[in-house]
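What follows is a short report on a single structure.
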Amino acid sequence: QILPHFAEGKVVKGFGRGSKELGIPTANFPENVVENLPKDLPGGVYYGWANVDNGEVLKMVLSIGWNPYYHNTKKSMETHVIHTFKEDFYGSTLKVIMLGYIRPMRDFSSLDELIGAINDDIQEAKEKLDLPENASYKQNNFLFDEI
Ligand code: ADP
Ligand code: MG
């Protein structure tokens, strides 16, 4: 069984693809965390729970894809936490529990289409995470264990 997948790491700078400008910032995990993904985990968009420095547990969507910066030889793993933060949290410890798969990665012909797809992902994540079998992970010890 690949899911749930538990991951934690310090948030690093991404490649400034302007996620924040789209209103959907994505906190990037460092290489070592990406390398610890199960080898047979499909790329695409996942939903689950997240917290920053053992703080409030929040809904998230997470994408796993091939990084154009490294000529698609390296995977990237980026989390959009469904929450409005007062400040950036680069260098903080992000923990995630990936619980379900939403869709494969794909190219979009326009920015509006991309933003629309992400908003659909967020909606699906919100609904799925309210199901009892997913909601129960909100209290998982992993999220509160010493960093
Ligand atoms: P980068 O290319 O450095 O990843 P982004 O535009 O994707 O830049 O912004 C990501 C950063 O925004 C995160 O590392 C984090 O510090 C901050 N941030 C603020 N709000 C959120 C959020 N709701 N989800 C994820 N990251 C957020
Ligand atoms: Mg990012």
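Whatever order the structure lists them in is the order used to number ligands and atoms, beginning at 1. Each residue takes its place number in the sequence, starting with 1. Every heavy atom of this structure was used, including side-chain atoms; hydrogens, water molecules and symmetry mates were not.
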_Can you confirm whether Val57 sits close enough to Phe144 that some side-chain heavy atom of one is under 4.5 Å from a side-chain heavy atom of the other?_
yes

_I need the Glu8 CD to Thr93 OG1 distance, nearest 0.5 Å._
6.5 Å

_Checking Ser63 now: which residues fulfil side-chain hydrogen bond (donor to acceptor under 3.5 Å, both in side chains) with it, not counting sequence neighbours?_
none

_Qualifying residues under side-chain hydrogen bond (donor to acceptor under 3.5 Å, both in side chains), relative to Glu35, sequence neighbours excluded_ = none

Hey, looking at [atom], which of [options] has the closest heavy atom?
atom	options	result
atom 7 (O) of ligand 1	Val12, Thr26, Val11, Val81	Thr26
atom 18 (N) of ligand 1	Phe85, Tyr90, Phe89	Phe89
atom 21 (C) of ligand 1	Gly14, Ser19, Gly23, Pro25	Pro25

*Below 4.0 angstrom, N of the basic side chain to O of the carboxylate: do Arg103 and Asp120 qualify?*
no

*Do Lys59 and Asp130 sit within salt-bridge range, that is, some charged N less than 4.0 Å from a carboxylate O?*
yes

_Per-residue contact class, Glu21 against ligand 1 - non-hydrogen pairs under 4.0 Å_ = neither

*How does Thr79 reach ligand 1, if at all, at less than 4.0 Å between non-hydrogen atoms: by side chain, backbone, both, or neither?*
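It is the backbone that gets close, since no side chain atom is under 4.0 Å.
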
*Taking only heavy atoms of His83 into account, list the atoms of ligand 1 that are under 4.0 Å away from them.*
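What qualifies from ligand 1 is 23 (N).
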
*Run the numbers for me: atoms of ligand 1, each under 4.0 Å from some heavy atom of Phe15, listed by number.*
2 (O)

*Asn28 N/O to ligand 1 N/O under 3.5 Å*: yes

*Does any N/O atom on Glu87 come nearer than 3.5 Å to any N/O atom on ligand 1?*
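Between Glu87 and ligand 1, no N or O pair is found under 3.5 Å apart.
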
*asked:* Using the rule side chain to side chain contact (heavy atoms under 4.5 Å, CB included), only one of Leu94, Thr79, Asn51 pairs with Met60; which is it?
replied: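 Single side chain to side chain contact (heavy atoms under 4.5 Å, CB included) partner of Met60 among Leu94, Thr79, Asn51: Thr79.
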
*With a cut-off of 2.8 Å, does Ser19 place any N/O/S atom under that distance from the Mg ion (ligand 2)?*
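It does not; every qualifying atom lies at 2.8 Å or beyond.
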
